[in-house]
Amino acid sequence: MQQCSLYNSLLRRPTFLLFLLLSFTLSASGNNTDDTVRINLLNKTTRDLIQKSNYPDAIKFAEQAEALSGKLLTNNPPKEIEMAVKKGLASTLNYISIIYRNQGDYPKALTYAFKALKIKEEIGDKNGIGASYNNIGTIYNYQEDYNKALDYALKALKISEESGDKNRIAASCGTIGNIYEKKGDYTRALQYDLKSLKISEANGSKNRNALGNNYGNIGSVYEKLGNYPEALRYNLQSLKMLEEIKDERGIAAAYANLGSIYFKQGDYTRALAYENDGLSISKEIGVLYLVKDIQQKLADIYIKTNRPAQAFEHYKEYIITKDSLFNQEKTKKILLAEMKLEQEKKKAIENAEQEKKERILEQERSEKKIAYFSLLFVILLSTGAVAFFIQKLKTNRIRSEKNKFELELKWFNAELKALRSQMNPHFIFNCMNAIQSFMTQNDARSASRYLSKFARLIRLTLENSLHTFIPLEAELKTLEDYMELEKLRFDSPFNYTISVDENIDPETITVPSMLLQPYIENAIIHGIAPRQDQKGEINISFKLSTNNLQCEIKDNGIGRKKANEKKEKMGIAHKSIAMSITQERLELINIRKNTDVHLRITDLEDEDHTPKGTRVELTIPLQ
């Protein structure tokens, strides 16, 4: 019993683990069982290093485990050994995913998480599948894609409840609570966080890392609810636990939470001290999402303490860090596109070389044929016929390419005009003025929120302009950001709703990019804004009908007839440029994509023919 206790004590020491791993490596004899033990030991070391936020060493051990697993699987081991190796490999890949997740490299984190999930599904590891779902949900939560995050976390909870694994149930509840907190639903967040803590304590959990983070999550929710005494109590308890196990990431998060609480209580000296400590640790271990959040909190503190220069520096660092976090996926896509382009170039060169060889062979065959024929008339006639045929093909090809080029040029011009119309200088100027107003009023949080929306709208507009069709989900994000900014611009003269039928999958169904915004802009500017009664309504809905997506934009504005009368009184006689461009794009999309997008605009009236708004209906065939 004493020997076992001594071994467990030694096993907790990194130096002993390194020595043990080295001994395993040097004594390797090709025994599959020994190799599976080495994989498990490497995974345990990786997990311990992750808990201590030592990510550089953790990734080294994880990569060793991955390489050893791959080597074993290529040697076709017995079925029992193969299953054990695959289970260990899935754990390795999941640990690598967690490392990249905590470092803010979300594309890599998702790549490894889905690799781990695939292996777990192959071997039927149900509990492992639940753990992968929970990890994927956490990654999407960090990416601020809360709908996907909640979907995966709820799947994880369902699997954990079916298996009766209390620790996994507690972990899933903690993840769900964290997601609801980010979504602003603090009641549900507290419900799930307290449930997680209750299960962990009742189950006698010895995982102080999980318990510490759970206390921190509860404290964070109490802070949002304004219950600062409870928030302090839970966060201090969290900090104590995490300091005991030297969880640097958790300690940094606890410092950040405590700083936020003291800030809201007006104790700026303590708030500044805790936030600076949290920032120092976060930078040292490379946890970018914490660096981002703390930089923003420090900017708020310096604004409150009337130190604008320091506030500006921290806010600038917040923007830079946030950009580095949320542009990695775009960089990855660009790299993949470049690789694809290089492959296509290489293939084109190979095809050209092959065609050259075929032309040389064809020429040689023609010369041999000439030697066999003596009649000049036959040779001339054959040559003339071939030349005529080639010239005709060439003429047809040139004509076809010219028509294609003209169509592509017309399409490009239409897309460019659409992009210009959506990036309206007047709209941009008004948005920037409104954000500047928040900053002048020292309302940094509102300024930051609307600046983020504005930046995301510009980015989404530019990204969407690169594609003819985009996922409906991307279009919905663009429209929501646009309408939020328009509300700010016009001092909230309207409300809006966006409804999507439950049988529509916004990620798979596509719509033409930059198509809906001009009609919404028209409704706001020419329909809603002239009402001047703060009762404007815009309702946007998406439904499926046979093989079509039905999109309806309905407003309660003054109607087209009255809008035209106002234009005439003001001396405005031109037709809406954005509407004209959109109509032209619709025609080109139908030609270029061989589709049939329908548009219908209806003036809405009461029984006494009084205008009560406009309805725009778009019928888009499913791609």
Side-chain angles (χ1 to χ4, degrees), residues 31-51 58-59 61-102 106 108-141 148-176 179 196 199-200 203 205-207 209-210 213:
N31 187 301
N32 288 333
T33 303
D34 289 345
D35 285 336
T36 56
V37 172
R38 278 194 290 277
I39 291 169
N40 291 334
L41 189 55
L42 285 164
N43 280 339
K44 184 182 186 307
T45 306
T46 301
R47 184 190 65 202
D48 291 343
L49 289 168
I50 289 172
Q51 285 189 352
I59 197 71
F61 282 100
E63 286 173 349
Q64 289 180 37
E66 184 182 14
L68 182 56
S69 300
K71 182 180 177 182
L72 283 174
L73 292 174
T74 57
N75 293 330
N76 297 319
K79 190 69 177 177
E80 183 180 349
I81 297 296
E82 180 186 1
M83 293 291 287
V85 173
K86 283 187 174 180
K87 187 172 183 178
L89 177 58
S91 295
T92 302
L93 296 172
N94 205 54
Y95 287 140
I96 294 173
S97 170
I98 291 170
I99 292 168
Y100 283 125
R101 180 193 79 193
N102 290 348
Y106 303 134
K108 279 189 179 179
L110 279 176
T111 299
Y112 279 96
F114 282 120
K115 283 183 181 178
L117 177 61
K118 183 180 178 183
I119 294 174
K120 290 173 181 177
E121 289 174 340
E122 287 175 358
I123 63 177
D125 181 5
K126 196 168 184 181
N127 283 338
I129 291 170
S132 284
Y133 280 154
N134 198 55
N135 180 33
I136 293 168
T138 302
I139 296 168
Y140 278 126
N141 189 30
K148 284 185 181 178
L150 192 58
D151 181 46
Y152 277 100
L154 289 171
K155 286 180 182 178
L157 178 60
K158 183 180 179 182
I159 290 175
S160 302
E161 288 176 338
E162 288 172 354
S163 66
D165 188 327
K166 298 294 184 182
N167 289 331
R168 293 249 54 88
I169 293 173
S172 297
C173 286
T175 301
I176 293 169
I179 295 166
S196 174
I199 293 170
S200 296
N203 198 39
S205 175
K206 296 180 180 179
N207 188 342
N209 176 273
N213 288 326

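One is the number of the first residue; the rest follow in order along the sequence.
Taking the six-membered ring where the residue is Trp, Y152 and Y133 present tilted rings, their angle falling between 30° and 60°.
A distance of 15.0 Å separates CD in E122 from NZ in K87, rounded to the nearest 0.5 Å. Rounding to the nearest 0.5 angstrom, the gap separating the CD1 atom in I139 from the CG atom in N134 is 10.5 Å. Taking CG from L42 and CG from L68, the interatomic distance works out to 7.0 Å, rounded to the nearest 0.5 Å. Interatomic distance, NZ of K86 versus CD1 of I81, reported as 13.5 Å (0.5 Å rounding). The line from OG of S160 to CD1 of I129 is 11.5 Å long, rounded to the nearest 0.5 Å. From M83, atom CE reaches atom CG of D125 across 8.5 Å, with rounding to the nearest 0.5 Å.
Between the K120 side chain and the G128 main chain, a donor and an acceptor come within less than 3.5 Å of each other. Between the side chain of N135 and the main chain of A131, no donor-acceptor pair closer than 3.5 Å is present. A donor-acceptor pair under 3.5 Å links the side-chain atoms of T74 to the main chain of K71, judged by distance alone. Formation of a donor-acceptor pair under 3.5 Å by the N75 side chain with backbone atoms of P77 is not found in this model.
The shortest distance between side-chain heavy atoms of L150 and Y140 does not fall below 4.5 Å. Taking the side chain as every heavy atom from C-beta outward, L72 and L89 never approach each other to under 4.5 Å.
Atom CD of E121 has more than 12 neighbouring heavy atoms from other residues, nucleotides or ligands inside a 6.0 Å radius.
The heavy-atom pair separating T36 from A84 by the smallest distance is CG2-CB, 4.4 Å. Here the shortest heavy-atom pairing between I159 and K126 reads CG2-O, 3.4 Å. Considering every non-hydrogen atom in both A113 and S97, the closest pair reads CB-OG, 3.4 Å. Between A149 and N141 the shortest heavy-atom distance is CB-N, 3.5 Å. When all heavy atoms are compared, the tightest approach of K166 to I199 is O-CG2, 3.5 Å. Contact detail for C173 and S196: the closest heavy-atom pair is CB-CB, 3.8 Å.
The only option from T45, I59, I96, I98 that meets the side-chain contact (heavy atoms from CB on, under 4.5 Å) definition with I50 turns out to be I98.
The salt bridge (charged side-chain N to carboxylate O under 4.0 Å, His left out) check on K115 picks up nothing, with sequence neighbours excluded. For the side chain to side chain donor-acceptor pair (under 3.5 Å) test, residues two or more places apart in sequence or in another chain that qualify with N43 are T92. Annotation: ring-ring contact (aromatic ring centres under 6.0 Å, His included) contacts of Y112 (sequence neighbours excluded): Y100.
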